[in-house]
Every structure is written in structure tokens, then in C-alpha cells.
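Remarks on the structure that follows.
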Amino acid sequence: MILILCALRFAFVIIDIFTGNIPWQRAIFPVLILLGIASEFFNGNFHFLVKAIAIAIDACIVTFFVYIVANAKSYGGGLIEERLSESFGLFLPRTLSRYIVTEMILVWT
């Protein structure tokens with residue numbers, strides 16, 4: 001049942017991406033959740049694949065954030081919180097991205 005619900009949620013995300021309501025990066029985390037649940041559903045046969053995909057996506061996201069922070073002038077300058085919040089906004093809902101950036105800044109200080 002959970003696998004069906006996750007697949008249905010992923011289908012709604014894909015529809016929103018094609019209609020232009022959300023950026024394509026928002027599909028990354030639902031895909032990871034769907035792969036993880038599918039891996040458990042199929043007795044862990046895809047467990048290595050799920051880990052490999054998660055590590056690759058994590059590396060890409062971290063590289064993307066480092067690139068954005070390093071090239072601040074091409075993204076309009078501004079505060080680091082604003083740049084990171086915009087970057088996280090591609091992958092997560094806006095309120096969640098602001099919360100994560102705020103927590104990151106508090107941990108760094």
C-alpha cells in the first residue's frame with residue numbers, strides 16, 4: 001500500500017513538473033523515497049542501487065551548492081542565506097528550504 005501511495009505521489013510530482021508548477025529538481029527526493037521503499041518491498045535486492053543513487057545525488061547537490069556560494073556575483077550577490085535559500089528552493093518547498101538554511105547558519109556560527 002505504501003509503495004502504491006509513493007508511486008502515486010511521484011506521478012503527481014511528474015505532472016506538476018510537466019505543467020511547469022514546480023522545478024524538475026523537486027522530483028529527486030520523491031524518487032529516492034520510492035526507490036528505498038521499493039528496495040525494501042523486493043527484499044532488499046535493490047539496496048545497493050538505492051545507496052549508489054543516493055550518494056551520487058548527494059554529491060551533485062553538494063557540488064551545486066558549493067558552486068553557487070563560490071560564484072556569488074553571478075547569482076546577484078546578496079547574503080549567503082538568500083543564495084542558499086534560493087538553491088535549496090529548487091529541491092525543497094520554500095518554507096523548508098528557509099528552515100534548513102537558518103539551521104545551517106546557526107550551526108556554522
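Only this structure's heavy atoms are used, side chains among them; waters, hydrogens and symmetry mates stay out.
- Residues S85 and S97 come closest through the heavy atom pair O-OG, 3.6 Å.
- Across L106, I100, V107, a single residue satisfies side-chain contact (heavy atoms from CB on, under 4.5 Å) together with M104, and that is I100.
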Output a table of donor-acceptor pairs, distance under 3.5 Å, between side-chain atoms of residues 12-20 and any protein atom two or more places apart or on a different chain; print 'none' if there are none.
residue	atom	partner	partner atom	Å
T19	OG1	I15	O	3.1
T19	OG1	D16	O	3.1
T19	OG1	N21	ND2	3.1

